[in-house]
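In this text, all values refer to a predicted model and were calculated from it rather than measured experimentally. Labels below follow one simple rule: chain letters A, B, ... track the order of the sequence lines, proteins then strands, and each chain is numbered from 1.
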Amino acid sequence: MTEHETPPGSNFITTIIEADLKANKNDGRLATRFPPEPNGYLHIGHAKSICLNFGVAKTYNGTCNLRFDDTNPTKEDVEYVDAIMADVRWLGFDWDDRLHYASDYFEQLYDFAVQLIRTGNAYVDDLNADEIRQHRGTLTEPGTNSPWRSRSVEENLDLFQRMRAGEFEDGARVLRARIDMGHPNLIMRDPTLYRIRKTSHHRTGDTWCIYPMYDFTHCLSDSIEGITHSLCTLEFENNRPLYDWVLDHVAAPCHPQQIEFARLNLSYTVLSKRKLIQLVDEGHVNGWDDPRLPTICGLRRRGCTPEALRNFCERIGLAKRDSVVGVALLEYSIREDLNKRAPRVMGVLRPLKVVIENYPAGQVDELEAVNNPEDPDAGVRTVPFSREIYIERDDFMENPPKKFFRLGPGREVRLRYAFFVTCTDVIKHEKTGEVVELRCTYDPSTRGGNAPDGRKVKATLHWVSAAHAVDAEVRLYDRLFSKANPDEKEAGKTYKDFLNPDALEALRGCKLEPCLADAGPGFFCQFERMGYFCVDAKDSKPGALVFNRTVTLRDAWAKLKKKS
RNA sequence: UGGGGGAUCGUCUAAUGGUAGGACAGCGGACUCUGACUCCGUCAAUCAAGGUUCGAAUCCUUGUCCCUCAGCCA
């Protein structure tokens, strides 16, 4: 890094934090929080927020709380709470004893609401949802006051207490802040603070039948926890005046600063909770952890590492403008990490049988192979070679074009770590004409992969001995959508019309090196020349292995092919 | 058409009145028992028009375009 480069992780928020710390604001303390609502699974957009909040806490010696924003019992569930905690941990972050729930503050929140009533800053409204909407006005016209807006403090207190006691039905009344029905910001036109929901809450059970709204809950929860910097996404910018208003009108312990940043958008996928739920519920994918999904559990199952995801989050930066990060950057981050750590192994995905005619039947050579050229400590292993092997179908062409270096009739190539072989005959299906088998000869003097006479060969192929091969299913994943921005409006179409039907291709009868026979969940590797793969944590069984392709290798040949 | 935000290489992101920089992608090359990795080179941007200034991405004016808000969701 030269002196002109900006240090990684530096952005407009860290600039603010550094200034605040320097000015000894909040007594030089930094406290952030990650506040998910437990109504869905975390996705890569949340990863950005998690890395931000936990990340700044770590680098500036502060703390970051995990807080569940669980104020809507009709949508939330413990299933999500557990999954969210697992995902945050997997990403590599720890909240120690700072696990909180907004629902833990319900009693305090109720007291704050009473304070607002006592000071004339909140009132119980008998209008129903429809009527409230009608009174709200529009973007250009002011709203009108509710007829219930000027009830006495005593009456409001009594009514609010009876709301809590369960005397009224859902929707019968709400508690509203008394701000200004003519406010140019619609959020400030007497926002609802509490609504009646006679629904069991996943943590408080039936203790409550009134539940506080986000705008009332979030700022006060932040304040109760002594948060200094409350980081959220851009769509909450409109809510900031209300965040500040609430804290200014009750005896709040402190007044955190809300700062908004742009949420993550990723090309060729969708990141809205609503759409993700739809894809899962309508069966376009197989559950929340489908490896095609940008959910954290989906990425994990696909074979993405926490390190790769964290590096990605750092690389994308942070700003206030809307943006769409190219999925290529995610793929780059994954390759970068896996290249260092993934053991190399040979796996033939689309097998083509090859018989080495001058190799004695029944003979087996044990050849030495390097486990990871990027990591000398990974050591070596032994790979069996025999008369019948499999190579990749794509590694042979009967009529190779100019720049195709691989095997063809009469050509010599190297079998990795093994021998030079020359193709002597091509056997085709008598009816379809499809190439079904190759006949080759090998040069015994090239054992290990080098010719004593120094002759070179233009290609090195991966291979697996037929007699020793382990069979497996390999699932090839590609981008979920065929369009970079599936949300882009197109006449008569929705994002679902752009789902990529080839996002999953399952190959059966793939031939893997025998050392993979016992690979279990958590195992990942590189199939040389093919990509990075991992054992599927759900469907793989001993004797019936299932591998997922995490990401392909960069492929110069594929690019060349595409051009012509 | 009210309020609140935003606009820098194809994509993300720096530069806070003083050399428009980095990463990804692309292109070209070197190396190579992975057409991988690595290395080198290269292409490429300040929304527009005025103004202030020795000097403007940055300050001022006017305009353009984009996002966001009318849940008893978060």
Rounding to the closest angstrom, what is the interatomic distance between U52(B) and A57(B) at atom P? 16 Å
Extract the stems that RNA chain B is part of, considering only consecutive pairing runs of at least three Watson-Crick or G-U wobble pairs, both distances under 3.5 Å. B:2-7 with B:64-69, B:10-13 with B:21-24, B:26-30 with B:38-42, B:47-51 with B:59-63
Using atom names, set out every protein N or O paired with an N or O of nucleotides 16-18 of chain B below 3.5 Å, distance rounded to 0.1 Å.
none

Does a side-chain N or O from R321(A) land closer than 4.0 Å to OP1 or OP2 of U8(B), or not? yes
For residues 263-273 of chain A, dump all side-chain donor-acceptor pairs below 3.5 Å to protein atoms at least two apart in sequence or in another chain.
residue : atom : partner : partner atom : Å
R263(A) : NH1  : E235(A) : OE2          : 2.7
N265(A) : ND2  : S323(A) : O            : 3.0
S267(A) : OG   : V327(A) : N            : 2.9
S272(A) : OG   : K275(A) : N            : 3.1
K273(A) : NZ   : N39(A)  : OD1          : 2.5

May I ask you to check whether R33(A) and H218(A) show a side-chain donor-acceptor distance below 3.5 Å? yes
Select base, sugar-phosphate, or nothing to describe what N128(A) touches, counting heavy atoms under 4.0 Å on all strands. base
Qualifying salt bridge (Lys or Arg N to Asp or Glu O under 4.0 Å) pairs with a residue from residues 177-194 of chain A, counting only residues at least two apart or across chains: R149(A)-D190(A)
Heavy atoms within less than 4.0 Å of RNA chain B: which residues of residues 163-182 of chain A have one? Give them sorted by number. G171(A), V174(A)
Does Y390(A) have any ring-ring contact (aromatic ring centres under 6.0 Å, His included) partners at least two apart in sequence or in another chain, and if so, which? none
Can you tell me if R136(A) touches the phosphate of C72(B), counting only side-chain N or O atoms and a distance under 4.0 Å to OP1 or OP2? yes
With a cut-off of less than 4.0 Å, is there a side-chain N or O of R189(A) near OP1 or OP2 of C69(B)? no
Look at R263(A) and U68(B) and indicate whether a side-chain polar atom (N or O) is within less than 4.0 Å of OP1 or OP2. no
